[in-house]
Structures are given as structure tokens and as C-alpha cells.
Amino acid sequence: MNEAASTLEGWYALHDFRSMNWTAWKAADDEERAVALDELQEFWNEWKNVEQASQGSTVVYTVIGQKADFVMMHLRETLEDLKAVENAFNKTTFAKYTTKAYSYVSVVELSNYLGKEGEDPMQNPEIVARLKPVLPQRQYICFYPMNKKRELNDNWYMLSMDERRSMMRSHGMIGRSYAGKVKQIITGSVGFDDWEWGVTLFADDALQFKKLVYEMRFDEVSARYGEFGSFYVGSLLNEGSLEEMLKL
Ligand code: VOV
């Protein structure tokens, strides 16, 4: 059997995409809307407490286009913690005015393709911080799921470790040339969701997503082996900008 890459896992991830039910939101009276917003604010404060206690991280972004109106991306220590945060949101008054659009379940993952031989990665604070990251508050987010191909002639999983490592090195070099412009969080989802990985990118200039993804399309690991799902792009929401978005 071919050698599997070994992976390190960190916090579990839930990308929870919701759409607004604008008809219901507009039909609600001022008091109902105020209650919904107050509860949402309380909920948001709880997320901040979780982040301060280093037990997870949450960011909220709009989603542009008709696939959804906003996404809550949660990182938590366990799948149960993710379910709890999902349930808690569903029980808020605000959730009554939303519909479920899409969700993605995965876990922050690092592989050993480019790791140093003989080093215990868990003793490296940089690696631990990448496995349990505080999510960046950049202006834009881009999320999409992907697979590595398993076709007769192009089967990633039949390649030797050395072949895969050399392609991942080239991938990493392209990625590194975007240092400071795009921050990536790769989450593994084999056994958890419909694709093999979730790719979440953060940037202050959304065009850098297009440039990075396009450049990677010419790199063998993406050109030959990458298969991609739907792309979601959006901009950062905080309590203030969410209220602005919901103002009638
Ligand atoms: C923003 C830049 C960026 C950088 C620096 C970067 C670097 C790296 C390194 C060094 C490594 C390997 C070690 C590890 O960390 O696991 C990876 C790993 C991975 N990547 Fe990546 N990637 C980036 C960005 C980046 C993008 C934009 C994509 C989507 C590809 C595209 O065509 O749309 C991607 C995908 C992945 C995946 C699916 C994996 C896991 C592959 C596996 O088989 O296990 N990635 N990636």
C-alpha cells in the first residue's frame, strides 16, 4: 500500500451559511427586531469569551451573491462544542429570520509533506498555533471545498510520497509568495463532509484570492489533481456592520 501522509489535527471547524428571510424580517415589528438583535449581540459576546479563553474562535462574514447572506465560521475543541454553538444559534430569536443555506464540517489540518524529519511537531509552538488559530479579521473571506482526483490516469492517492511531496513543495512556494496578502486555513474533511478539504482564505484585498487561485491552477497539484466545489466570497461583519446590513 502507498504511504499515507500523516496529518496533525487541531480545532474542529463549522462553516455555517445562512440566508436572511427578508420577508419575515420586514414583517416583524420594531420590538421583535430589537429583541432579535439584542440576543444576537449576547451570542456574539459569548463567542468572544470563548476566543479569549483560547477554546475556539469565530468570525462572521457576509456572503455576496445568492448562495447565502452570511457565514459564521466557528472553530471549537470538539464536534460536540460545534453542535452546541449551532444549536444555540438556532434557538435565538434572530435565527427565526434566517434559513439554512449550506454548512461544512471539517478539522484544521496540517500534513507532514514539508515537515522537518525527526522533529516532534507538537513541541513547535508555531505549529500548535496553526492548529488552533485565532481566525483573522481580514476584510474578505473566500471558502471552497476541494478533492484530490482519483481517476485512472490521475490518481493522487496512487502517487508515491516523494512525488506528492515534490508537488506540495511547489504548491507551498506559490502560497508563500502571497505571505502577508492571503492567509489560508486548510481543514480536512475526509469522513466528515462531502469533499476532502475545506479551503478558507482571508485577505484585505479580495483580488488576491483570484490571483492566488488562478496561479495555483497552473501548478501541477491543482492543474492535474484538484477538483473544486462552489466558491463563497464575502466581507467581514462585526456587530455594527451586521446591524447596518439588517437596518430597514
Ligand atoms: C495562501 C497561501 C498558501 C500556502 C502558504 C499554502 C501552503 C501549503 C503547505 C506548505 C501545505 C503542506 C503542509 C500542510 O500545511 O498541510 C499545504 C497543504 C494544502 N493546501 Fe495549501 N497553501 C496555500 C493556499 C492554498 C490554496 C489556495 C489551496 C486550494 C488549492 C487551489 O488550487 O485552489 C490550498 C490547498 C491545500 C490543500 C488541500 C492542502 C492539503 C493537501 C494534502 O494532500 O494533504 N492551499 N498548503
Side-chain angles (χ1 to χ4, degrees), residues 11-28 32-33 36-37 39-44 46-47 56-76 79-108 135-147 184-203 206 209-210 213 227-248:
W11 278 338
Y12 289 88
L14 172 66
H15 293 70
D16 188 344
F17 293 85
R18 305 279 172 146
S19 292
M20 280 304 294
N21 180 343
W22 289 110
T23 311
W25 185 244
K26 278 166 46 182
E32 283 169 322
R33 278 196 297 266
L37 287 177
E39 252 185 61
L40 191 63
Q41 176 70 50
E42 241 173 71
F43 204 50
W44 211 303
E46 276 171 38
W47 295 340
S57 187
T58 291
V59 283
V60 187
Y61 282 79
T62 61
V63 174
I64 296 150
Q66 295 180 359
K67 292 176 188 137
D69 283 313
F70 65 98
V71 55
M72 298 168 279
M73 177 179 179
H74 304 291
L75 299 181
R76 291 295 183 274
L79 282 172
E80 288 79 1
D81 292 340
L82 284 182
K83 189 64 202 168
V85 76
E86 183 190 358
N87 277 349
F89 179 81
N90 285 335
K91 289 176 195 166
T92 61
T93 308
F94 180 71
K96 225 171 59 177
Y97 303 104
T98 67
T99 54
K100 293 167 185 157
Y102 182 57
S103 69
Y104 205 77
V105 179
S106 54
V107 62
V108 179
L135 291 168
Q137 303 261 338
R138 302 265 181 102
Q139 187 55 34
Y140 298 101
I141 194 170
C142 169
F143 170 81
Y144 54 102
M146 67 170 286
N147 287 339
Q184 90 283 13
I185 296 187
I186 301 300
T187 51
S189 43
V190 172
F192 290 164
D193 218 316
D194 299 344
W195 297 76
E196 293 170 346
W197 289 277
V199 178
T200 312
L201 308 174
F202 299 90
F209 297 144
K210 179 174 179 295
V213 174
E227 289 179 330
F228 303 96
S230 291
F231 283 66
Y232 296 80
V233 68
S235 60
L236 185 66
L237 278 176
N238 52 35
E239 294 97 316
S241 52
L242 180 72
E243 275 198 39
E244 190 57 35
M245 171 179 131
L246 296 171
K247 208 157 77 186
L248 296 179

Problem - Inter-residue atom distance S19.OG - K100.NZ, 0.5 Å rounding - result: 12.5 Å

Exercise for the section: Would you name the heavy atoms of F231 and K67 that are closest together and state the gap between them? Expected result: O-NZ, 2.6 Å

Fill in the blank from the handout: Between the CE atom in M72 and the OG1 atom in T98, the distance rounded to the nearest 0.5 Å is 7.0 Å

Problem - Distance-only polar pair, side chains of T200 and H15, donor-acceptor under 3.5 Å - result: yes

Exercise for the section: Could you tell me whether K83 and D81 have a side-chain N and a carboxylate O separated by less than 4.0 Å? Expected result: no

Problem - Non-hydrogen side-chain atoms of T62 and D69 separated by less than 4.5 Å - result: no

Exercise for the section: Find the distance between CD (E86) and CG (L79) and round it off to the nearest 0.5 Å. Expected result: 11.0 Å

Handout entry: Euclidean distance, R33 CZ relative to K247 NZ, rounded to 0.5 Å
Key = 12.5 Å

Problem - Contact check, side chains of Y140 and F202, non-hydrogen atoms, under 4.5 Å - result: no

Practice task
Indicate the ring-plane relationship of Y102 and F17, choosing parallel, tilted or perpendicular according to the 30° and 60° boundaries.
Solution key: tilted

Fill in the blank from the handout: On a heavy-atom basis, the closest approach of N147 and W197 is C-CZ3, 4.3 Å

Practice task
Check whether any side-chain heavy atom of W25 sits under 4.5 Å from a side-chain heavy atom of T23, and report yes or no.
Solution key: no

Exercise for the section: Say whether, by atom type as modelled, one donor and one acceptor occur between the side chain of R18 and the main chain of A101 under 3.5 angstrom. Expected result: no

Exercise for the section: Check the side chains of T187 and S106 for a donor-acceptor pair under 3.5 angstrom, ignoring hydrogens and angles. Expected result: yes

Fill in the blank from the handout: Looking only at heavy atoms, the pair that brings Y97 and A36 closest together is CE1-CB, 4.1 Å

Practice task
Examine the side chains of T58 and R76 and answer whether a donor and an acceptor come within less than 3.5 Å of each other.
Solution key: yes

Practice task
Determine, step by step, whether F94 and L246 satisfy the side chain to side chain contact (heavy atoms under 4.5 Å, CB included) criterion, reporting the C-alpha distance in whole Å, the side-chain angles of both residues, the deciding distance to 0.1 Å, and the verdict.
Solution key: CA-CA 11 Å; F94 180 71; L246 296 171; 3.5 Å; yes

Problem - Closest non-hydrogen atom pair, P136 against I185 - result: CD-CD1, 4.3 Å

Completion exercise
Test side chain to side chain contact (heavy atoms under 4.5 Å, CB included), reference V60, set N238, L135, D16, L237, output is L237

Practice task
Starting from the C-alpha separation in whole Å, work towards a yes-or-no answer on side chain to side chain contact (heavy atoms under 4.5 Å, CB included) for Y61 and V63.
Solution key: CA-CA 6 Å; Y61 282 79; V63 174; 5.9 Å; no

Exercise for the section: Heavy atoms only: give me the nearest S189-Y104 pair and the separation to one decimal. Expected result: OG-OH, 2.7 Å

Exercise for the section: Could you go through the side chain to side chain contact (heavy atoms under 4.5 Å, CB included) check for L248 and K26 one step at a time? Expected result: CA-CA 7 Å; L248 296 179; K26 278 166 46 182; 3.6 Å; yes

Exercise for the section: Consider only side-chain N and O atoms of E39 and T92, and report whether a donor and an acceptor are under 3.5 Å apart. Expected result: no

Handout entry: Closest approach of G198 to F143 (non-hydrogen atoms, all atoms of both residues)
Key = CA-CE1, 3.9 Å

Handout entry: Distance flag, aromatic centroids of Y144 and Y232, threshold under 6.0 Å
Key = no

Exercise for the section: Compare all side-chain heavy atoms of Y12 with those of F192 and state whether any distance is below 4.5 angstrom. Expected result: yes

Exercise for the section: For the pair S235 (side chain) and Q139 (backbone), establish whether a donor and an acceptor sit closer than 3.5 Å, ignoring hydrogens and angles. Expected result: no

Problem - Aromatic ring proximity H74/W11, centre distance under 6.0 Å - result: no

Practice task
Answer whether the closest heavy-atom distance between the side chains of L14 and M73 falls below 4.5 Å.
Solution key: no

